Every structure is written in structure tokens, then in C-alpha cells.
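Structure record follows, encoded as C-alpha cells.
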Amino acid sequence: MTDSAPVPPRIGVVLVAAGSGTRLGHGIPKALVPLAGRTLLEHALRGILSSGICTELVVVLPPADGQLEQVCRDVGRDTGRDIGTVRGGAERHDSVRAGLAALAPVDHVLVHDAARCLTPPAVFTRIAEALAAGATAVVPGVAVADTIKTVDPQAEAARGIPDAALVTGTPNRSGLRAIQTPQGFDAAALSAAHADAGGWSREQAMAVTDDAALMERSGHPVLVVPGDPAAFKITTALDLLLAEALLARDRTPTQEP
Ligand code: CTP
Ligand code: MG
């Protein structure tokens, strides 16, 4: 028997960028919105590629958007990387499924939101390392700063008071994590979990808001590793302002003492 070097896992990234950005309200797909002179999609792509972990990359785009297609081509040319594209669906899980179907065979897959376009490369590395160490599903998470309450908006006590809901519980904050992306998985297990969910009703599908939840439902253990505050999701105008401020801070030369 000869000793051979272990074969590194093939790692695919599915970057979902097919959302419309309704809450941001720019009237264009969110991935196309400019941030410090670059589109959100370009920031997201450069972050992924600079982590150096991915062997395959597929970007899921809104139907018929030539400008985002062009961003992928430009970044691909600039970085010497092959960036695949595919059209997304009506909901995020439809887009993830389209991305998985378009990905070349890989061992591990990371699903990432283009809206988390400032995610530090170290988060990608952390997820890839946990998969290499044997995890089937691993997500980045950060501690929750707010006190979280469960509520019942239909409760009798809240009737007649505009937008009120009745508090039904206060989970212990130490047991909560706010989950980010990239979420990493054994590629075969994630594809099987998506295939299982294919026959679900719309209500069932809408209740599952991330890929890790699909894996939980399929009985797989899901690990949480430290995320990063900079991996926040740009959802509203306030988030975009924060992203602009972070990039402006990074561009400001530090004063010599
Ligand atoms: N996404 C997607 N396909 C969809 C919906 C969402 O690829 N049908 C992607 C978005 O592009 C984003 C990520 O999923 O990168 C998280 O979604 P979200 O932040 O909700 O973005 P949008 O759906 O674009 O925003 P909104 O819900 O305000 O319209
Ligand atoms: Mg959305």
C-alpha cells in the first residue's frame, strides 16, 4: 500500500442574489444596489473569492437581469475564476434549489446570501474547516443583543390595541443565536433535504427560512460556529447606511501618533 496525500474536499458556493430587495426600496434588484462604488453582488463575490475556499461558484440571479450577469463576468475576468450563473425562483428556497442543481459535483456546499455582502473571508474559512473536520451542517451565529419574546398576535388581551400582541414567553438569551450565512453542508445531504421538501405545501415551505432548518427537519445535527457582526444582512436603508459607514471607516487612513 502506498501513502497518498489526502484529497482536499471540493467545495461549492451557491450565492443567492435573486431577491427583489423590496424592503430596501431602490426599485432595482438588491444585488445591483451600489455600495461605496460597487454593487452589493460585486462585494459579495470578492469576499467569497478572497477566502480562497471555493472550487465551484454559482450565482443565482433574478430572471432576465443582464446587468448582474455582467457583474459576474467582470469579476470572473478580473479574478481569473469561472463564475456560473443560473436564474432563481419566487422564494429563497427555490433559488437555493436552482443553484444546487447548477453546481458541478462537490463534496461540501456553502449557501450564502448576496445581501450579507461584507461577510469577512474568515467566516467562510471557519465553516469550511468545520465541514472538513466532519460536520454535516454548520452555520455561523452571533449572540443576541436584544431580549427576545414569543408573542401571540391573536390573543384576546391584545384585541382593540393597534399592532399589539400578547407576550407568551421570554427564552433565556444565553441559549439563543442569530444565524447568518454562509451555511455549510455535506452536499449530498443538503440536496436530499431539498428534494424531500419539494412536495411540501406552501405553508410548510414558508416556515423553513434557512437551509439549516431543512437539515434539522431531516434529522441532521447542525453546529453553530462563531459568525461575525460584519456578516449582517442588508435588508433596509439603515443597514445600507451601516455598510457605507463600515467601508468608509476602512478607507480612512489611520493617523500616525
Ligand atoms: N433571494 C433569492 N431568491 C429569492 C428571494 C431571496 O435568491 N426569491 C436571496 C436574496 O437575493 C438575498 C437572500 O436571498 O441575497 C436573502 O433574502 P432577503 O434579504 O429577503 O432579500 P430580498 O428578498 O431581495 O429582499 P426583500 O425580502 O426585502 O424583497
Ligand atoms: Mg426576501
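Bear in mind the structure is a predicted one, so any value in this text is a computation, not a measurement. In what follows, every heavy atom counts, from backbone to side chain, and hydrogens, waters and symmetry copies are set aside.
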- Message: So that I can tick it off, tell me whether Arg126 and Glu129 are bridged by a salt bridge, with the cut-off set at under 4.0 angstrom between side-chain N and carboxylate O.
- Response: no
In residues 133-149, what donor-acceptor pairs under 3.5 Å come from side-chain atoms, sequence neighbours left out?
unit_1 : atom_1 : unit_2 : atom_2 : d
Lys149 : NZ     : Thr170 : OG1    : 2.9

Please find the pair of heavy atoms, one from [X] and one from [Y], that lie closest to each other, and give the distance.
X      : Y      : answer
Ala237 : Leu24  : N-CD1, 3.6 Å
Ala231 : Gln180 : CB-OE1, 3.5 Å
Arg97  : Gly198 : NH1-CA, 3.8 Å
Val86  : Ala98  : CG1-O, 3.9 Å
Ala130 : Val225 : CB-CG1, 4.5 Å
Gly227 : Val123 : C-CG2, 4.5 Å

Flag yes if [X] and [Y] sit in one hydrophobic cluster, no otherwise; membership is Ile, Leu, Val, Met, Phe, Trp, Tyr, and two members link when side-chain heavy atoms are under 4.5 Å apart.
X      : Y      : answer
Trp200 : Leu100 : no
Val59  : Leu68  : yes
Val96  : Val109 : yes
Ile179 : Phe185 : yes
Val71  : Leu240 : yes

So which residues get pulled into [X]'s cluster when ILVMFWY side chains under 4.5 Å apart are joined, directly or through others?
X      : result
Leu238 : none
Leu241 : none
Val151 : Val167

Tell me which donor-acceptor pairs under 3.5 Å the side chains of residues 214-222 have, and how far apart each pair is, sequence neighbours excluded?
unit_1 : atom_1 : unit_2 : atom_2 : d
Ser218 : OG     : Leu214 : O      : 3.1

- Mind checking what makes ring-ring contact (aromatic ring centres under 6.0 Å, His included) contact with Phe124, not counting sequence neighbours? His112
- Can you tell me which residue pairs pass the salt bridge (charged side-chain N to carboxylate O under 4.0 Å, His left out) test with a partner in residues 52-70, sequence neighbours excluded? Glu69-Arg87
- Across all chains, not counting sequence neighbours, the side-chain contact (heavy atoms from CB on, under 4.5 Å) partners of Leu246 are Leu118, Phe232, Leu242, Arg249
- Query: Sequence neighbours excluded, which residues qualify as side-chain contact (heavy atoms from CB on, under 4.5 Å) partners of Ala155?
  - Reply: Asp152, Leu166
- Query: For Leu57, which of Ile83, Leu110, Val14 qualifies under side-chain contact (heavy atoms from CB on, under 4.5 Å)?
  - Reply: Ile83
- Task: Show your reasoning for whether side chain to side chain contact (heavy atoms under 4.5 Å, CB included) applies to Asp107 and Ile11.
- Result: CA-CA 6 Å; Asp107 303 297; Ile11 304 180; over 6 Å; no
- Message: Just so I know, are the side chains of Pro182 and Val13 near enough to count as touching, which here means a heavy-atom distance under 4.5 Å?
- Response: no
- Message: Could you tell me if the side chain of Leu190 sits less than 4.5 Å from the side chain of Asp211, heavy atoms only?
- Response: yes
Got a second to check how far [X]'s [atom1] is from [Y]'s [atom2], nearest 0.5 Å?
X      : Y      : atom1 : atom2 : result
Leu61  : Ser95  : CG    : OG    : 9.5 Å
Arg81  : Cys54  : CZ    : SG    : 4.5 Å
His194 : Ser191 : NE2   : OG    : 7.5 Å

- So, the side chain of Thr150 versus the backbone of Gly169: is there a donor-acceptor pair under 3.5 Å, distance only? yes
- For Gln183 and Ala212, indicate whether the former's side chain and the latter's backbone hold a donor-acceptor pair under 3.5 Å. yes
- Item | Partner residues of Asp113 under the salt bridge (Lys or Arg N to Asp or Glu O under 4.0 Å) criterion, sequence neighbours left out | Arg92, Arg116
- Query: Quick one: salt bridge (Lys or Arg N to Asp or Glu O under 4.0 Å) partners of Arg202, sequence neighbours excluded?
  - Reply: Glu91
Exercise answer: donor-acceptor pairs, residues 28-53 side-chain atoms, under 3.5 Å, sequence neighbours excluded:
unit_1 : atom_1 : unit_2 : atom_2 : d
Lys30  : NZ     : Ile234 : O      : 2.8
Arg38  : NE     : Glu42  : OE2    : 3.3
Thr39  : OG1    : Glu42  : N      : 3.1
Glu42  : OE2    : Arg46  : NE     : 2.8
Glu42  : OE2    : Arg46  : NH2    : 3.2
His43  : NE2    : Leu35  : O      : 2.8
Arg46  : NH1    : Asp78  : OD2    : 3.3
Arg46  : NH2    : Asp78  : OD2    : 2.7
Ser50  : OG     : Arg46  : O      : 3.1
Ser50  : OG     : Gly47  : O      : 3.2
Ser51  : OG     : Ile48  : O      : 2.6
Ser51  : OG     : Ile53  : N      : 3.4

- Quick check: are there more than 12 heavy atoms from other residues, nucleotides or ligands sitting under 6.0 Å from CG of Asp250? yes
